[in-house]
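So the structure is just underneath, and the comments pick up after that.
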Number of protein chains: 2
Amino acid sequence: MKPTIYDVAKKAGVGIGTVSRVINNSSQITPETKSRVLKVIRDLRYQPHAMARGLAQNKSLMVAIILPSFTGYFYLELLRGIQQEISEHSYDIVLYNVDNPERIDIFMNRILRERRVDGMLLVSMSISEKYKDRFLRANFPIVLVDSFHKELDSVSVENEQGAYLATKHLIDQGHNKIGMIDAQLKSTPAKIRLQGYKKALKDHHLPFNKNYLLISDADTDKDGFNRQAGYEAMKQMLAMPDRPTAVFISSDVQAAGAIRALQEAGLTIPRDMAIVGFDDIELAQYLGLTTIHQPLYEMGRLAVHRLMERIKGKLPEHLDKHFSTHLVIRDSCGAKASSNSNTSAGNR
Amino acid sequence: MKPTIYDVAKKAGVGIGTVSRVINNSSQITPETKSRVLKVIRDLRYQPHAMARGLAQNKSLMVAIILPSFTGYFYLELLRGIQQEISEHSYDIVLYNVDNPERIDIFMNRILRERRVDGMLLVSMSISEKYKDRFLRANFPIVLVDSFHKELDSVSVENEQGAYLATKHLIDQGHNKIGMIDAQLKSTPAKIRLQGYKKALKDHHLPFNKNYLLISDADTDKDGFNRQAGYEAMKQMLAMPDRPTAVFISSDVQAAGAIRALQEAGLTIPRDMAIVGFDDIELAQYLGLTTIHQPLYEMGRLAVHRLMERIKGKLPEHLDKHFSTHLVIRDSCGAKASSNSNTSAGNR
DNA sequence: TCATTATATGGAAGGGCTTCCATGAAGAGG
DNA sequence: CCTCTTCATGGAAGCCCTTCCATATAATGA
């Protein structure tokens, strides 16, 4: 059987309290005792039982990360940041993948009451008021990522500014019939990107034509941020009588689908249709897609950092960080791209 | 405070044992008692404390997944399969990302003794004999994925057959100077793919020229499965006096780097250099890369399935599943591609 | 009717840790 | 030399469950 703290105590000739203090390196221990106990711990290969500790201390050293279908390019970089920062705090990640929106409630419930994790990161999902209240009441640490709520810490991106940049860039290229392919508006980023698009049009005295706004996956239960949705939206757009000459698309994966639709229609990018995407996932480089870059890695780190503060019981004021974005010019918009795009490691 | 089993018992006017039996739906409970207790549970919003259960039952309902730098295209599809199957068993995933090979020992140690998880999936990593023995001795459930050990359950791919297919395909295109860019040979798949390459050469009476074999990241501590490594290997290959006219590359991400190197050198694919990759990650479609497809989703599912059997204490015979691969012909090899490649959803 | 068996239930013990309180030794102060 | 602190240490109690054993009750059979 695995050795317990009692075995260590007995073999070292000390009490269990002392062993516990050594493990948690309390200050009230003479160096001699400490080293004697440590030696026994090593000899016995003793390792404290995680759940017993958790039970006694009422904490688990784990945080939940909830993401919608975690198999997406978009989340890779984010996860890298999260992972990095979390391991620096020697916490572990419990991954929850919510593909079905209804299941989110189940997770929330479990997470809140089962006490298996000390905090949670909710990625790209909005939280219902009901659960928001429950989390707040329970004082349960939670940070939103790529999403926003005025009463909860959140880390996201200047979606409006990014969309504005994208749209303005197309305007600067001389386009005046600029469409938008957006994801479902129930997604906060999608909604705000639409605002940025509209604002850019308005600031440049272009009318907002609602026929030029297509919503991906409009009548499905998906969020619309996927390739197929982009593909279909573009097909629809191409079928329009007086179609746009340029389009801002709310994510790079959708843009990937849109590009395919254009190719299939035998159209040339950017001549027949200029495109700007959003996210700057690695794929965008390969596609030569002009897009809006978000500092995902940093977002992940900051989110975890804040979560850790909450877990440690600090009461920092409400965080509402919006990272700013920037435009990455490649080939799909018709502007001259700056030469160098040979960055990023790109693991298998 | 959160309600405990005592609160429930008291309010329902029963003993804690009874409540416990209701929770674990034991058969020995009268329907009336059961429904009364259930009602109280609902009223109190009682939820058993996960760690207390874990401590008492000595199991955690969590499984560790250890992967090398989990931010890689390659693992997305695999994770999807894993995730799917695991949630069907209502287990949760604890994710460990091992970027530094030395840290693997730390994880192993913790996992084995801390008892925070009930089993583990070790992905794309080989296990040292020392730990293999310890896991076996402790009877700790473990399944290798994309890796192999004769004493442990493992799920991987016919790497040799795949590499053979790739190489043979290049031979069939009329090439006779075929190089290989491989990852570090300490990686099992890399080693076996090399064997497949050699075998194909041999079977077709072509000599193995060791100058034509380049190892990515040869003198770093990385595994070589990354874009930068592929980029540099290709540069090196291009500098060779009598260079190959075709190359088999051990992964698609490496191939992505290699393609860039070729583009920078102003060379055309496949005219100046034909390429076949390995993995068939989504990126390969965009690159028009001919490659070897692996059924990653299925691999993930099977691995979890087997792990669950082990956890449940079944003693199935040793599993050593090698999924077979197939060639996906696109543009980079010079053969005519079959038209349709419009598959896979591609989430953000 | 009584003895016997089956069945539902209560609750102590135990799982492995932390933490608090009590204890005793050593050091400080007069 | 004696009293008062200070501080390292031992170990009981408690964290919240499950499980086993004992008990009470009902059902069965003769």
Side-chain angles (χ1 to χ4, degrees), chain A residues 1-38 40-41 44-62 110-118 138 313, chain B residues 1-38 40-41 44-62 110-118 138 313:
Chain A
M1 241 358 248
K2 306 260 179 301
T4 72
I5 202 170
Y6 289 91
D7 301 321
V8 176
K10 191 185 293 176
K11 187 154 181 194
V14 298
I16 54 165
T18 304
V19 177
S20 176
R21 276 178 285 258
V22 169
I23 294 170
N24 299 289
N25 56 85
S26 146
S27 53
Q28 315 226 86
I29 290 276
T30 37
E32 301 83 66
T33 317
K34 183 166 179 174
S35 70
R36 186 153 40 98
V37 172
L38 281 176
V40 175
I41 287 179
L44 254 39
R45 298 181 165 202
Y46 169 74
Q47 185 90 221
H49 189 299
M51 291 194 291
R53 288 188 97 170
L55 181 58
Q57 295 188 122
N58 199 26
K59 64 180 187 182
S60 66
L61 299 184
M62 302 205 284
R110 279 180 49 199
I111 284 174
L112 195 52
R113 321 200 68 78
E114 233 185 359
R115 328 217 93 226
R116 193 197 278 288
V117 296
D118 298 342
Chain B
M1 242 357 251
K2 306 258 179 303
T4 72
I5 201 170
Y6 289 92
D7 301 321
V8 176
K10 192 184 293 175
K11 188 155 180 193
V14 299
I16 53 164
T18 303
V19 177
S20 177
R21 275 178 286 257
V22 170
I23 294 170
N24 299 288
N25 54 84
S26 147
S27 53
Q28 317 227 87
I29 291 275
T30 34
E32 301 83 66
T33 317
K34 184 166 179 175
S35 70
R36 186 153 40 98
V37 172
L38 281 177
V40 175
I41 287 180
L44 256 38
R45 298 183 166 201
Y46 168 73
Q47 185 89 222
H49 189 301
M51 292 195 290
R53 289 189 98 171
L55 181 58
Q57 296 189 119
N58 199 26
K59 65 180 186 184
S60 66
L61 298 184
M62 301 205 285
R110 280 180 48 199
I111 284 174
L112 196 51
R113 321 198 70 76
E114 232 185 357
R115 326 219 95 226
R116 193 197 278 288
V117 296
D118 298 343

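In what follows, chains are A, B, ... by sequence order, proteins preceding strands, each numbered from 1.
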Discussion item. Would A:Gln47 and B:Arg110 count as a side-chain contact (heavy atoms from CB on, under 4.5 Å) here? Give the steps.
Written reply: CA-CA 7 Å; A:Gln47 185 90 221; B:Arg110 280 180 48 199; 4.0 Å; yes
Practice prompt. Quick one: do A:Thr4 and A:Asp7 satisfy side-chain contact (heavy atoms from CB on, under 4.5 Å)? Show the steps, please.
Written response: CA-CA 5 Å; A:Thr4 72; A:Asp7 301 321; 3.6 Å; yes
Discussion item. What is the separation between atom CD1 on A:Ile41 and atom C1' on C:dG16, rounded to the nearest whole Å?
Written reply: 14 Å
Discussion item. Whole angstroms only, please: what is the CD-P distance between A:Gln28 and C:dT18?
Written reply: 16 Å
Practice prompt. Rounded off to whole Å, could you give me the CD-to-C1' distance for the A:Glu114 and D:dC16 pair?
Written response: 13 Å
Discussion item. Can you identify which nucleotide, out of D:dT9, C:dC17, D:dT18, has its nearest atom closest to the A:Arg21 side chain?
Written reply: D:dT9
Worksheet, complete the sentence: For A:Tyr46 and A:Ile5 the tightest heavy-atom approach is CE1-N, 3.6 Å
Discussion item. By the 4.0 Å heavy-atom rule, please label B:Ser20 as base, sugar-phosphate, or nothing.
Written reply: base
Item to complete: Choose from C:dA8, D:dC15, D:dC17 the nucleotide whose nearest atom is closest to any side-chain atom of B:Ala52.
Response: D:dC17
Worksheet entry | Touch class at under 4.0 angstrom, heavy-atom based, for A:Thr4 against every strand present | sugar-phosphate
Worksheet item: Quick one: is D:dA8 close enough that its OP1 or OP2 comes under 4.0 Å of any side-chain N or O from A:Thr18?
Response: no
Item to complete: Side chain of B:Ile16 only, please: which of D:dT18, C:dG10, D:dA8 is the nearest?
Response: D:dT18
Discussion item. What is the separation between atom CD1 on A:Ile5 and atom C1' on D:dA12, rounded to the nearest whole Å?
Written reply: 14 Å
Worksheet entry | Atom-to-atom span, CG of A:Leu61 to P of C:dC17 - whole angstrom | 14 Å
Practice prompt. Whole angstrom is fine here: how far is it from CD in A:Gln57 over to P in C:dC17?
Written response: 11 Å
Discussion item. Regarding C:dG16, can its base be found pairing with the side chain of B:Arg115 as donor and acceptor, where the two atoms are less than 3.5 Å apart?
Written reply: no
Worksheet item: Which nucleotide in the set D:dC15, D:dG10, D:dC17 lies at the smallest distance from any side-chain heavy atom of A:Leu55?
Response: D:dC15
Worksheet item: Which of these nucleotides, C:dT9, D:dC17, D:dC15, is closest to any side-chain atom of B:Thr30?
Response: C:dT9
Worksheet item: What are the two closest heavy atoms between A:Met51 and B:Leu55, and how far apart are they?
Response: CE-N, 4.1 Å
Discussion item. From C-beta outward on B:Tyr46, which listed nucleotide comes closest to its side chain: D:dA12, D:dG10, D:dC17?
Written reply: D:dC17
Worksheet item: Just how far, in rounded Å, is P of D:dT19 from CG of B:Asn25?
Response: 13 Å
Worksheet item: D:dC16, D:dT9, D:dT18: which one has an atom nearest the side-chain heavy atoms of A:Ile29?
Response: D:dT9
Worksheet item: Starting at CD of B:Glu32 and ending at P of D:dT25, how long is that distance when rounded to a whole Å?
Response: 17 Å
Worksheet item: Is the side chain of B:Thr30 donor-acceptor paired with the backbone N or O of B:Glu32 at a distance under 3.5 Å, no angle test?
Response: no
